[in-house]
S.K.: 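Sharing a structure below in structure tokens format, with a few things to ask.
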Amino acid sequence: MVVLSADSQTLILKYYKMIKNYFKIFIKIAGQNKVFTILSLFGISLTIMFVMIFSMTIERIINGSGPEKDLKKMIFSDRVKTILTVEGRTGDYLWNCSRTLCEDHLKKIKSADLISMYSGTNSWEFIFNGEYHLRSQMQTDAEYWKVFDYKFVQGRPYTEEEVINKSNSAVITRSLKELLFAEDNEDNNVVGKTIRYANMDLVITGVVEDPPDVSQKAKGDLYFPYTLLPNSDEKYSGRFNVVFKAQFKRQFKAIKQEAQEIIRRLDAADQENRIILSGPFSQVEKMLAGYGDPEEYSGEWNMLLKYLLYALAFILLPAVNLMALNFARIYERGEEIAVRKSFGASTGILRGQFLFENILMTLTGGAIGIILSYILVALLGDSLSIPLGFMNYVPLSFSFNIIVFIAALVSCFLFGLFSGILPAIRLSRIRPAIYLKGGEK
Amino acid sequence: MIKLENISKTYRTKEIETLALDNINFDVSEGEFVSVMGPSGCGKTTLLNLIGLLDEPDKGKVQLDNQEIVTYEDKKTARMRNKLVGFIFQSFHLIKELNVYDNVELPLIYRKMPVSERKNRITEALEKVSLMNRMHHYPSQLSGGQCQRTAIARAIAGNPKIILADEPTGNLDSVIGHEVMEIMNNLNKNGTTIVMVTHDEMLARSTNRIVRLFDGRFIS
């Protein structure tokens, strides 16, 4: 058991008393200046609500869930830029990788433990029982099922042999099975039954649990071998993504080097085109790189800095607003500050008091913002999507995450600090003589 | 206890310079009760502010409790104010958001002090001004006299050697004013040095010494 010395106890008591005193003042002042309090809390709550939802989104993207639970062990190549020069004029494509680029080159990289190629998620519209439905389909190779951790409730994934042989195999989700094959129960085995897609009768080899809405890569309802569709891709650009899975992060560097070396070789051998490959990037790097031009990606730290500056600006604007409100209120507090100075409060203590009160205010606003964000997410659920500009729309769902919570707390603290520091300095410089005499301020 | 030597203080605004104190010397012995009188604007409050280290002279030396104030470093002056000086103001200047107990506690929250001693000091101070039954009241619930008695309790809670009172009875009727003076006289009898600014000749006469200021200078 830790025993504090008498001196430490009195020191703790001193600060406890000071903080208790500040707290009382904060509560009273917040109650007296209702308009100011409401205005302050409104700005803070709204900011923190956005910070929370933003953090939830980022956290979901980075960590992955469902079939993407090993997201941190994966890196992706999903953008290639081809610059074509014809008769002195140049034009460029920026698209996914072509089937040939994936099959003949990227899938041959040796540093990865597993490599899979898969199409992007394509919408699939159909009429069933007289009703219109919008679902999605993906075309994949067999490795896809090893890279992503789908939970099979029936059957199995299609094999490499089936992919090579262009077998009419398919994997569907449980919800699609429920829709198309009605009475869903464990005995209703649909393996071997057929499903019609693009004039093909696909034989179901397996049924998987639906991936969560937050999935970024693994998010189809119907999956079938990519070889079933004719190769209509350009030389380098097409409709495929490549994922490299590695047990250890150190492998990522080697994979990236190999991929870029392949592209360099292809580029050197091609007289007509210039090729630039995006990545391969981890999910975090991809988030920072976005879906933009691979030539413009200036390294993750630069991008991170850019986004941090955006975030800072986002917090700074309402903080400046609160700062202005605080400046306007300095003179209201003049008498109290002068009295405190007279009885021994130093400038540092007064600054501390004002910052404490301000941070208490922002934390209160933050608490409201956190509650609001959860209410918003709980009410709107999966339909709430955040267009963040550099990523796909990410649906959210109600969850508590300590990192998100800490992000909100840190934001509140920074908010309080930004908006309080300058008014606190001004306040602490008040000349007590003027306020105590009640003269001109 | 208090020694001011060749003190001058000028207040400057964009338009005007006002000489508040002009090369004055002022000594107050330990346990003395001195009244400072003079017309409005003669420099009385400036004198108190300089003694209380709330303001810095342009010229001259200030000495409190045999310590010369060499630098007006913020932390140092704050500590000296906290330990040595208790202020009583004409307009009481109680913190309206705090109750009587918390107002009286104010000088003590800036000190390291055991909880029992803190409570004793506050209780003692409130007993001296007969306000024990009002300790949970807020300033808005008190009469003017009670506010000033709270302010006196606050000034003495830290056991300062010096009390600086700026027209402490100025906002009170004569009966309450005399009650306040009685409390201050008792404090002085117990050894506290008091410098009081007042316009009331009668009250001033009840103190040990009267000094008069005119245009920033003492007059005989």
Side-chain angles (χ1 to χ4, degrees), chain A residues 4-33 329 332-353 356-357 425 428-441, chain B residues 9 11 13 20 41 44-46 48-50 52-56 73-99 102-118 138 151 154-155 157-158 160 164 166-167:
Chain A
L4 293 170
S5 66
D7 207 35
S8 308
Q9 284 177 24
T10 49
L11 189 68
I12 290 169
L13 184 75
K14 175 186 164 184
Y15 286 110
Y16 166 72
K17 282 286 175 183
M18 268 164 67
I19 286 170
K20 194 176 152 196
N21 189 286
Y22 299 166
F23 191 77
K24 279 182 184 175
I25 294 273
F26 166 74
I27 297 286
K28 291 274 178 183
I29 287 178
Q32 281 163 8
N33 298 282
R329 290 185 60 228
E332 282 177 30
R333 305 288 301 272
E335 183 187 333
E336 179 208 333
I337 298 304
V339 170
R340 285 182 183 276
K341 267 197 171 178
S342 311
F343 286 96
S346 64
T347 304
I349 282 178
L350 291 171
R351 285 175 189 170
Q353 177 189 347
F356 175 85
E357 286 177 24
I425 290 171
S428 66
R429 285 183 181 161
I430 274 175
R431 288 179 57 215
I434 294 172
Y435 282 88
L436 295 174
K437 192 64 190 166
E440 192 189 328
K441 297 168 177 67
Chain B
K9 178 74 187 173
Y11 290 110
T13 62
K44 302 185 297 290
T45 302
T46 305
L48 283 197
N49 289 337
L50 290 173
L53 310 180
L54 289 175
D55 220 341
E56 199 174 335
E73 196 248 316
D74 177 66
K75 267 190 184 172
K76 198 178 163 192
T77 52
R79 204 163 36 238
M80 284 192 82
R81 271 197 299 274
N82 184 253
K83 289 272 161 67
L84 273 181
V85 187
F87 290 90
I88 302 168
F89 308 102
Q90 180 182 354
S91 320
F92 326 130
H93 290 308
L94 298 175
I95 299 178
K96 60 181 188 290
E97 291 83 11
L98 299 178
N99 64 20
D102 291 331
N103 265 293
V104 175
E105 194 182 26
L106 192 70
L108 307 181
I109 66 168
Y110 302 118
R111 288 186 195 183
K112 282 201 289 181
M113 185 179 279
V115 69
S116 54
E117 192 186 340
R118 182 188 297 271
Y138 284 87
R154 177 179 61 185
L164 302 175
D166 194 353
E167 298 188 45

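Labels below follow one simple rule: chain letters A, B, ... track the order of the sequence lines, proteins then strands, and each chain is numbered from 1.
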S.K.: Would you say the side-chain atoms of A:Arg340 pair up with the backbone N or O of A:Leu350, donor to acceptor, closer than 3.5 Å?
M.R.: no

S.K.: In terms of heavy-atom pairs under 4.5 Å, which option from B:Asn49, B:Asp55, B:Leu54, B:Asp74 contacts chain A the most?
M.R.: B:Asp74

S.K.: I'd like to know if B:Arg111 pairs up with B:Glu117 as an ion pair, taking the criterion as any Lys NZ or Arg NE/NH1/NH2 lying under 4.0 Å from an Asp or Glu carboxylate oxygen.
M.R.: no

S.K.: Chain A heavy atoms under 4.5 Å from B:Phe92: which part of the residue, side chain, backbone, both or neither?
M.R.: neither

S.K.: Can you tell which of B:Thr77, B:Leu98, B:Leu53, B:Leu164 has the highest number of heavy-atom pairs within less than 4.5 Å of chain A?
M.R.: B:Leu98

S.K.: Please look at A:Arg431 and chain B and tell me whether the side chain, the backbone, both or neither of the residue comes under 4.5 angstrom of a heavy atom of that chain.
M.R.: side chain

S.K.: Is the backbone of A:Ser428 close enough, under 3.5 Å, to the side chain of A:Arg351 for a donor and an acceptor to pair up by distance?
M.R.: no

S.K.: Counting distance only, does the side-chain N/O of B:Asn103 pair as donor-acceptor with the main-chain N or O of B:Ile95 below 3.5 Å?
M.R.: yes

S.K.: Can you tell if the side chain of A:Leu436 reaches within under 4.5 Å of the side chain of B:Phe87, non-hydrogen atoms only?
M.R.: no

S.K.: Could you tell me which portion of B:Leu48 (side chain, backbone, both or neither) has an atom closer than 4.5 angstrom to a non-hydrogen atom of chain A?
M.R.: neither

